[in-house]
Amino acid sequence: MPRTADDVAFCDELAAKAFYQPPPPALEPSGPVGTSTWRELSDWFEVHTQGWHDCLLVYISRRWDTPIAVAYAETDAWMKGEFQRRDLRDDPDAVVSYN
């Protein structure tokens, strides 16, 4: 589903709020969402922007010309796993909250 003008405007606003930067071409993910190349892209956005989650949605929306809502719906489970991975990295005791 291609993006409408409203979708593009929303995506641009989200990109500005998160200080989106296009990732280097070497980080172009291959394979389905959740593979290691997607994790590397997620980590790059965490270091180089103000909102890795929003930047991933902007990236997907722009890369595949799809509305943010579709990008969100299609990556929801994986994104939750990324939040959990970061929680556990930053606070090993957080494992209790995931059991």
Side-chain angles (χ1 to χ4, degrees):
M1 165 191 305
R3 299 182 298 164
T4 65
D6 287 342
D7 292 326
V8 171
F10 179 76
C11 184
D12 291 347
E13 289 174 28
L14 191 59
K17 286 181 190 175
F19 297 98
Y20 177 85
Q21 296 180 50
L27 287 179
E28 178 70 22
S30 59
V33 171
T35 59
S36 62
T37 55
W38 280 94
R39 217 169 300 118
E40 290 169 14
L41 181 63
S42 173
D43 290 343
W44 186 89
F45 279 130
E46 183 179 24
V47 170
H48 294 93
T49 69
Q50 295 298 311
W52 65 268
H53 175 263
D54 290 340
C55 288
L56 275 166
L57 294 175
V58 168
Y59 172 82
I60 292 166
S61 178
R62 290 178 175 174
R63 173 71 176 78
W64 285 283
D65 192 31
T66 191
I68 291 273
V70 172
Y72 180 87
E74 292 182 358
T75 62
D76 185 52
W78 177 71
M79 291 282 196
K80 288 175 181 171
E82 283 294 279
F83 278 108
Q84 180 178 355
R85 182 172 69 92
R86 284 171 170 77
D87 285 347
L88 294 173
R89 177 199 64 202
D90 297 341
D91 180 8
D93 292 333
V95 74
V96 172
S97 65
Y98 290 103
N99 288 329

List in chain and number order the residues that pass side-chain hydrogen bond (donor to acceptor under 3.5 Å, both in side chains) with S42, two or more places apart in sequence or in another chain; answer none if no residue qualifies. E82, R86
Can you list everything that forms a side-chain hydrogen bond (donor to acceptor under 3.5 Å, both in side chains) with E28? Sequence neighbours excluded, please. Y59, R63
Please enumerate all residues that pass side-chain contact (heavy atoms from CB on, under 4.5 Å) together with [X], with sequence neighbours excluded.
| X | value |
| --- | --- |
| P24 | L27, W44 |
| T4 | D6, D7 |
| Y72 | H53, L57, D76 |

For S61, does its backbone N or O pair with a side-chain atom of T66 as donor and acceptor, under 3.5 Å? no
Applying side chain to side chain contact (heavy atoms under 4.5 Å, CB included) to W78 and L56, what does each step give before you reach the verdict? CA-CA 11 Å; W78 177 71; L56 275 166; 3.8 Å; yes
Where P67 and R3 come nearest, the two heavy atoms and their spacing: N-CG, 3.5 Å
How long is the span from the SG atom in C55 to the CD atom in E46, to the nearest 0.5 Å? 11.5 Å
Let me check something: any side-chain donor-acceptor pairs from residues 29-38 under 3.5 Å, sequence neighbours excluded? List them with distances.
unit_1	atom_1	unit_2	atom_2	d
T35	OG1	S30	O	3.1
T35	OG1	P32	O	3.1
T35	OG1	T37	OG1	3.3
T37	OG1	S30	N	3.1
T37	OG1	S30	O	2.9
W38	NE1	G31	O	3.2

For residues 9-23, run the donor-acceptor check on the side chains, cut-off 3.5 Å, and write out each pair with its distance to 0.1 Å, sequence neighbours left out.
unit_1	atom_1	unit_2	atom_2	d
D12	OD1	R62	NH2	2.9
Q21	NE2	H48	O	2.6

Heavy atoms, side chains only, cut-off 4.5 Å: are I60 and T75 in contact? yes
